[in-house]
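Every heavy atom of this structure was used, including side-chain atoms; hydrogens, water molecules and symmetry mates were not.
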Amino acid sequence: MKFKKILVANRSEIAIRVFRTAHELGLRTVAIYSHEDRFALHRFKADEAYMVGKAGEPIRSYLDIDSIVELARANGVDAIHPGYGFLSENAKFAQAVRDAGIAFVGPRTDILENLGDKVVARGIAIKAGVPVLAGSSEAVKSDADATNQAEKLGFPVIVKASMGGGGRGMRVANNPDQLHDALDQARREAGTAFGVADVFLEKFIRKAKHIEVQLLGDSHGGLVHLYERDCSVQRRHQKIVEIAPAVNLNPRLRKEILDSALAIGNAVGLNNAGTVEFLVDTERDEYYFIEVNPRIQVEHTVTEEITGYDIVKCQILVASGLQLAHPDIGLGTQSDIRTNGYAIQCRVTTENPARQFLPDYGRVTNYRSTGGTGIRLDAGSAYTGAVITPFYDSLLVKVTTRALDFKDATRRMLRGLQEFRVRGRRVFAGRSMGCMHCGDRSHRG
């Protein structure tokens, strides 16, 4: 099937990212936007753009399955890419898209149902012979149930949202006194972000590397990995620095982790992009499966830079029915895939260290970015005059650097970040609060 028009059910940089690849493939692109996003850059990057929802519903608008599907039908869309976050792992959305006769650029609905639920995914990993952390076999039913499980596991434990990803709905409890608050906070955050407040428990590893493997599958039984990423640098379980391939990873562990990722992908018949995530216990030199994200990830850029494959292009072409080995995709067999050099991704955000990393919002009055050899920018709301609202993620731009040597990639990143200048007027309830960084009203920038 040859697609003609693709809609991205998302916003900001990931929407723009998909539009660019779609344009290169000769597809007409369609954006959606909320009332609060009516001046957002992504709506102007598409060939067509339509508002969903109504004023006062900045999040709900992007979660309105019926409105998005009907909008797509009414405007001749034949494929929908969900991006990441929002509805990207929502099986009901994927099925509604397919029921409308539109291709969903992502895995089958049953895969989203199984892998989107982290508790079910644990069971799949166990059956595939992949080591998992000790934890819940199902979502916790009550605080008392959680307390009993935590006592059996032994503190510290981590409370995790059963659905979704991106570090949301995760809280660590070091003792019984912290467990109640951890459960409450994780449930509220999970319910808001994913519409499902279910949580489960796992044993928490204090000294761990976070390693994830990029998978790509097709509908003809083909499945390959594009090697691993190290996402260990995090704050509040949110990834902030990503590296590919992982540095100083035991070669034996690397092979076992890559093989385990393929085993899980084969177990479910993964037929699009997915990422299998693991924790490596650095004290014991052991690894454990933690979850699968059956979608594209924020940090996919580093994998693209070291392998040369456009993952979004692969997603779209696989969804159109092509095999991974088709010349237009060119993945061939696993032995054909190589890595070249190193890549690092950092995220420039509006988070303010002086305010416990709470995001600032307001108008960007001065924006200067970086560039040059080996630097890639993926931006959504980063330009002079942009209005940053309080409703969405704080990401302004993803910076990815690449080089043949890891030290050169880090030097390039440091140089690139030092070239950035972002200034603006921080606004709260319509009142100027001065500089977006220090709050000083005397210079507001």
T275: which residues meet the side-chain hydrogen bond (donor to acceptor under 3.5 Å, both in side chains) condition with it, sequence neighbours left out? R229
Considering non-hydrogen atoms only, spot the tightest contact between L27 and I316 and give its length. CD1-CG2, 4.1 Å
First locate atom OG1 of T307, then atom CG of L216, and finally report the distance between them rounded to the nearest 0.5 Å. 9.0 Å
The single option from K118, K160, R171 that satisfies salt bridge (charged side-chain N to carboxylate O under 4.0 Å, His left out) with E202 is K160
Would you say Q418 and M413 make side-chain contact, with heavy atoms under 4.5 Å? no
Run the numbers on K5 and V30 for side chain to side chain contact (heavy atoms under 4.5 Å, CB included), then give the verdict. CA-CA 7 Å; K5 185 185 287 191; V30 180; 3.5 Å; yes
How long is the straight-line distance from SG of C346 back to CD of E299, given to the nearest 0.5 Å? 12.5 Å
Can you tell me if R415 has over 12 outside heavy atoms packed within less than 6.0 Å of its CZ? yes
Listed partners of E277 passing salt bridge (Lys or Arg N to Asp or Glu O under 4.0 Å), at least two apart: K239
Between N271 and S219, what is the shortest heavy-atom contact and its length? ND2-OG, 3.6 Å
Please check this pair: side chain of D78 against backbone of K4, looking for a donor-acceptor N/O pair closer than 3.5 Å. yes
Got a sec, which residues hit ring-ring contact (aromatic ring centres under 6.0 Å, His included) with F200, two or more places apart in sequence or on another chain? none
Considering residues at least two apart in sequence or located in another chain, which fulfil the ring-ring contact (aromatic ring centres under 6.0 Å, His included) criterion with H210? none
So, R20 and E24, do they make that salt bridge, N to O below 4.0 Å? no
If you compare all heavy atoms of A161 against all heavy atoms of A190, which two are closest, and at what distance to 0.1 Å? CB-CB, 3.6 Å
Tell me if a side-chain donor or acceptor on R363 pairs with a main-chain N or O of G385 at a distance below 3.5 Å. yes
Just one of V97, I68, I80 clears the side-chain contact (heavy atoms from CB on, under 4.5 Å) bar with L87, so which one? I68
Tell me if the CZ atom of R284 is crowded by more than 12 foreign heavy atoms within 6.0 Å. no
Is there a donor-acceptor pair closer than 3.5 Å between any side-chain N or O of E419 and the backbone N or O of T370? no
Are D117 and S162 linked by a side-chain donor-acceptor pair shorter than 3.5 Å? no
Is K407 salt-bridged to D405, going by a charged N under 4.0 Å from an acidic O? no
For residues 321-331, the side-chain hydrogen bond (donor to acceptor under 3.5 Å, both in side chains) pairs (sequence neighbours left out) are none
Heavy-atom closest contact (V172 atom, P156 atom, distance): CG1-CB, 4.5 Å
Can you list everything that forms a ring-ring contact (aromatic ring centres under 6.0 Å, His included) with F19? Sequence neighbours excluded, please. none
Locate the shortest heavy-atom distance separating V397 from A379; write the atom from each residue and the value. CG2-CB, 3.7 Å
Between H225 and Y227, is the ring centroid distance below 6.0 Å? yes
Donor-acceptor contact below 3.5 Å, side chain T401 vs main chain A409: yes
Is the shortest side-chain N to carboxylate O distance from E291 to R122 below 4.0 Å? no
Between the main-chain N or O of L262 and the side-chain N or O of N266, is there a donor-acceptor pair closer than 3.5 Å? yes
Side chain to side chain contact (heavy atoms under 4.5 Å, CB included) evaluation trace for I375 with L377: CA-CA 7 Å; I375 291 184; L377 302 179; 4.2 Å; yes
Kindly write out the residues that satisfy salt bridge (Lys or Arg N to Asp or Glu O under 4.0 Å) with D64, not counting sequence neighbours, or none if the list is empty. none
Can any side-chain N or O of D230 pair as donor or acceptor with the backbone N or O of V247 at less than 3.5 Å? no
Lys/Arg-Asp/Glu bridge criterion (N-O < 4.0 Å) met for E113, K92: no
Ignoring hydrogens and angles, tell me if any N or O in the side chain of R38 forms a donor-acceptor pair with the backbone of H35 under 3.5 Å. yes
Sequence neighbours left out, what passes side-chain hydrogen bond (donor to acceptor under 3.5 Å, both in side chains) with S12? Give chain and number order. none
Donor + acceptor pair across side chains of T109, R98 (<3.5 Å): yes
Single hit among K313, R376, R402 for salt bridge (charged side-chain N to carboxylate O under 4.0 Å, His left out) with E304: R376
So the ring-ring contact (aromatic ring centres under 6.0 Å, His included) pairs with at least one residue in residues 389-412 (sequence neighbours excluded) are Y62-Y392, Y342-F406
Just how far is it from atom CD of Q238 to atom OG of S394, taken to the nearest 0.5 Å? 8.0 Å
Taking only residues two or more places apart in sequence, or in another chain, which ones meet T301 in a side-chain hydrogen bond (donor to acceptor under 3.5 Å, both in side chains)? Q345, T400
With salt bridge (charged side-chain N to carboxylate O under 4.0 Å, His left out) as the test, would you mind laying out the steps for E228 and K255 before giving the verdict? CA-CA 10 Å; E228 82 284 352; K255 184 179 186 310; over 6 Å; no
State, yes or no, whether a side-chain contact exists between V52 and E57 at a heavy-atom distance under 4.5 Å. no
List for me each residue that meets ring-ring contact (aromatic ring centres under 6.0 Å, His included) alongside F278, sequence neighbours excluded, and say none if there are none. Y287
Which atoms form the tightest heavy-atom contact between D285 and R252, and what is the distance? O-NH2, 3.5 Å
Just jot down the salt bridge (Lys or Arg N to Asp or Glu O under 4.0 Å) partners of R28, sequence neighbours excluded, or say none. E48
Can you find a heavy atom in the side chain of T384 that is under 4.5 Å from one in the side chain of Y367? yes
Cation-pi check, R43 to Y33: give yes when NZ or CZ is under 6.0 Å from the six-membered ring centre and within 45° of the ring axis, no otherwise. yes
Does a side-chain heavy-atom distance below 4.5 Å link L223 with Q334? no
Does the pair S88 and F86 meet the rule for a side chain to side chain contact (heavy atoms under 4.5 Å, CB included), with working shown? CA-CA 6 Å; S88 62; F86 291 127; over 6 Å; no
Is there a donor-acceptor pair under 3.5 Å between the side chain of D47 and the backbone N or O of T29? yes
Does any N or O in the side chain of R412 come within less than 3.5 Å of the main-chain N or O of T373, such that one atom is a donor and the other an acceptor? yes
Take L115 and V120 through the test side chain to side chain contact (heavy atoms under 4.5 Å, CB included) and record every step on the way to the result. CA-CA 7 Å; L115 296 183; V120 175; over 6 Å; no
Donor-acceptor pair, distance only, cut-off 3.5 Å: does the side chain of N75 make one with the backbone of V77? no
